[in-house]
Colleague: 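Right, I'll just put the structure down here and ask away after.
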Amino acid sequence: MKRRKRVLKRKIKFMCFLLFILGIFLIYNQFFIQKENTFTQEVGENLDNNSPIPTDLTIRKLKQLAKQEKRVTNIIENRDKYPDDILEMLVKNIDMMDYVLDFPTKKGNVYADTIKEVTKEKWPLLLQYDTRWGYGIYGDNVLAVNGCGPTVLSMVVAGLTGRNDVTPYDIAIHSVKKGYYESKSGTSWSLMTLGMKEYGIIGTEVSLSKSIMMNELEEGHPIVCSMRKGDFTTTGHFILLVGVQDGKFIVHDPNSKERSQKLWDYETLEYQIRNLWSFQMIQNRG
């Protein structure tokens, strides 16, 4: 009888130990999840393209591209004039060819103070690597590399107000001036809310819900999504949802014409969205 009691006590002590370890693990895990969520609520991500590719792999990829696009040969021959991140973006997006070719001589320059003609309640697809503003400096790099936030917001302003004089570079300047750009971190999420009041627009966080998102878009309220690793990026990125077609979302990705030409279903986007905001003119509220 005494032996059974001793065995039972040992089992109870062992179970208590396991529960203690499990409790420590859960507290530790929750702490870091909360820490990560707090961080991502404060800042966006700096690189909008994808994770860096080793330089030797980049060059091999460029040599493959040169077989179909002869101008790439010129870039390879002048490799030292191009930053690695620019070459890595070209490898993933041949549409950047013109931008990359002129990068050494145009970096730091901006060539337009308006976007193309716009129509109110229509959402132009703007690209952060557009040669009109993509060479401009945003924080610690060019707009083409880390300017997805200002670029999606330029589309928002154009569609909601009908203005064509607020370019991605204009919003980038506003972001830096008002402290919405964090060095080495990227565009602050507060640019989506407080930062848009400058343009008579209010951004409001919305729930990650198919019905809510579709209702917002049907009301004419575009939605900016902060994206985590997935189809759009391996680091972080902002995209714009502008409408619904055949039960799927129309996406304007400021870093890809190809992805912007596809319709995206909610199930594909859901687990890639970190946060999202809808936008409308301030005077239309309530």
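We count residues from 1, following the sequence as given.
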Colleague: Verify the neighbour count for atom CD of Glu198: are there more than 12 heavy atoms of other residues, nucleotides or ligands below 6.0 Å?
Modeller: yes
Colleague: Flag the pair Val142 / Ile86 as yes when at least one side-chain heavy-atom distance between them is below 4.5 Å, and no otherwise.
Modeller: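 In contact.
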Colleague: I'd like to check the side chain to side chain donor-acceptor pair (under 3.5 Å) partners of Thr193; sequence neighbours left out, ordered by chain and number.
Modeller: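 Once residues adjacent in sequence are excluded, Thr193 has no partner under the side chain to side chain donor-acceptor pair (under 3.5 Å) criterion.
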Colleague: Would you sort out whether Cys225 and Leu241 count as a side-chain contact (heavy atoms from CB on, under 4.5 Å), showing the intermediate values?
Modeller: CA-CA 8 Å; Cys225 300; Leu241 309 183; 3.7 Å; yes
Colleague: Crowded around Lys229 NZ? As in, over 12 foreign heavy atoms under 6.0 Å?
Modeller: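 Atom NZ in Lys229 is not packed in, count stays at 12 or less.
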Colleague: Write out all pairs satisfying salt bridge (Lys or Arg N to Asp or Glu O under 4.0 Å) with one or both partners inside residues 234-246, taking only residues at least two apart or from two chains.
Modeller: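 Matches after skipping sequence neighbours: none remain.
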Colleague: Just wondering, do Asp95 and Leu127 contact through their side chains at under 4.5 Å, heavy atoms?
Modeller: yes
Colleague: Show the nearest heavy-atom pair for residues Glu182 and Gly179, with the distance to one decimal.
Modeller: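 Closest heavy-atom pair between Glu182 and Gly179: OE2-O, 4.2 Å.
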Colleague: Among residues at least two apart in sequence or on other chains, which ones pass ring pair (Phe, Tyr, Trp, His ring centres under 6.0 Å) with Tyr82?
Modeller: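 None.
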Colleague: To the nearest 0.5 Å, what is the distance between OG on Ser207 and CG on Leu276?
Modeller: 8.0 Å
Colleague: Pair up each side-chain donor or acceptor in residues 63-70 with any protein partner under 3.5 Å, not counting sequence neighbours, and list the distances.
Modeller:
residue, atom, partner, partner atom, Å
Glu69, OE1, Arg71, NH2, 3.4
Glu69, OE2, Arg71, N, 3.1
Glu69, OE2, Arg71, NE, 3.1

Colleague: Any donor and acceptor pair, going by atom type alone, linking the side chain of Asn93 with main-chain N or O of Met89 inside 3.5 Å?
Modeller: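 Between the backbone of Met89 and the side chain of Asn93 there is no qualifying donor-acceptor contact (under 3.5 Å).
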Colleague: Is the side chain of Ser154 donor-acceptor paired with the backbone N or O of Pro150 at a distance under 3.5 Å, no angle test?
Modeller: no
Colleague: Between Tyr181 and Asp140, does a side-chain contact (heavy atoms from CB on, under 4.5 Å) hold up when you go through it step by step?
Modeller: CA-CA 10 Å; Tyr181 183 86; Asp140 49 15; 2.7 Å; yes
Colleague: On the 0 to 90° scale, with breaks at 30° and 60°, tag the Tyr199-His174 ring pair as parallel, tilted or perpendicular.
Modeller: perpendicular
Colleague: Can you list everything that forms a side chain to side chain contact (heavy atoms under 4.5 Å, CB included) with Leu194? Sequence neighbours excluded, please.
Modeller: Tyr180, Lys197
Colleague: With sequence neighbours excluded, give me every side chain to side chain donor-acceptor pair (under 3.5 Å) pair touching residues 211-225.
Modeller: Ser209-Ser211, Glu216-His221, Glu216-Ser278
Colleague: Would you please name every residue forming a ring pair (Phe, Tyr, Trp, His ring centres under 6.0 Å) with Tyr135, sequence neighbours left out?
Modeller: Tyr99
Colleague: Take Ile273 and Met213, measure what side-chain contact (heavy atoms from CB on, under 4.5 Å) needs, and give me the verdict at the end.
Modeller: CA-CA 12 Å; Ile273 296 176; Met213 292 163 66; 4.1 Å; yes
Colleague: To the nearest 0.5 Å, how far apart are OG1 in Thr151 and CG in Asp130?
Modeller: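 If we round to the nearest 0.5 Å, Thr151:OG1 and Asp130:CG are 9.0 Å apart.
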Colleague: Can you check whether Met155 reaches Pro222 side chain to side chain, under 4.5 Å on heavy atoms?
Modeller: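 No - every pair of side-chain heavy atoms lies 4.5 Å or more apart.
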Colleague: Measuring from atom CG of Leu263 to atom CD1 of Ile250, what distance do you get when rounded to the nearest 0.5 angstrom?
Modeller: 6.5 Å
Colleague: State whether the side chain of Thr119 and the backbone N or O of Lys122 hold a donor-acceptor pair below 3.5 Å, judged by distance alone.
Modeller: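 Not confirmed, Thr119 side chain does not pair with Lys122 backbone.
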Colleague: Side chains of Val251 and Leu240, heavy atoms from C-beta outward: is any pair under 4.5 Å?
Modeller: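 The answer is no, as the side chains (C-beta and beyond) never meet within the 4.5 Å cut-off.
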Colleague: Quick test of your reading: applying ring pair (Phe, Tyr, Trp, His ring centres under 6.0 Å), list the pairs with at least one residue in residues 111-134, sequence neighbours left out, ordered by first then second residue.
Modeller: none
Colleague: How long is the straight-line distance from CG of Leu90 back to CD1 of Ile75, given to the nearest 0.5 Å?
Modeller: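 Rounded to the nearest 0.5 Å, the CD1-CG separation comes out at 5.0 Å.
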Colleague: Mind checking side chain to side chain donor-acceptor pair (under 3.5 Å) for Ser175 and listing every partner two or more places apart, or none if nothing turns up?
Modeller: Tyr138
Colleague: Between atom NZ of Lys248 and atom NZ of Lys210, what is the distance when rounded to the nearest 0.5 Å?
Modeller: 9.5 Å
Colleague: State, yes or no, whether a side-chain contact exists between Arg132 and Val110 at a heavy-atom distance under 4.5 Å.
Modeller: no
Colleague: Before you tell me yes or no, could you show the steps for Asp84 and Thr58 under side-chain contact (heavy atoms from CB on, under 4.5 Å), namely the whole-Å CA-CA distance, both residues' side-chain angles and the distance that decides it to 0.1 Å?
Modeller: CA-CA 8 Å; Asp84 289 344; Thr58 302; over 6 Å; no
Colleague: Run the salt bridge (Lys or Arg N to Asp or Glu O under 4.0 Å) test against Asp113 and tell me which residues pass, sequence neighbours left out.
Modeller: none
Colleague: Does anything in residues 153-173 form a ring pair (Phe, Tyr, Trp, His ring centres under 6.0 Å)? List the pairs, not counting sequence neighbours.
Modeller: none
Colleague: Do Glu88 and Val91 have side chains that approach each other closer than 4.5 Å (heavy atoms only, starting at C-beta)?
Modeller: no
Colleague: Do Met192 and Leu153 come close enough that some side-chain heavy atom pair is under 4.5 Å?
Modeller: yes
Colleague: Within the structure provided, determine whether Trp277 and Glu205 are in side-chain contact (heavy-atom separation under 4.5 Å).
Modeller: yes
Colleague: Can you confirm whether Glu267 is buried at CD, in the sense that more than 12 heavy atoms of other residues, nucleotides or ligands lie under 6.0 Å from that atom?
Modeller: yes
Colleague: To the nearest 0.5 Å, tell me how far Ser190 OG sits from Lys178 NZ.
Modeller: 12.5 Å
Colleague: So which atom in Phe238 and which in Ser226 form the shortest heavy-atom distance, rounded to 0.1 Å?
Modeller: CE2-CB, 3.7 Å
Colleague: Can you see which heavy atom on Ile115 is nearest to which on Ala158, and at what distance?
Modeller: CD1-CB, 3.8 Å
Colleague: May I have all residue pairs that pass salt bridge (Lys or Arg N to Asp or Glu O under 4.0 Å) and include part of residues 159-172, sequence neighbours excluded?
Modeller: Arg163-Asp165
Colleague: Closer than 3.5 angstrom, by distance alone: can the side chain of Gln272 be matched with the main-chain N or O of Asp231 as a donor-acceptor pair?
Modeller: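 Judged by distance alone, yes, a pair lies under 3.5 Å.
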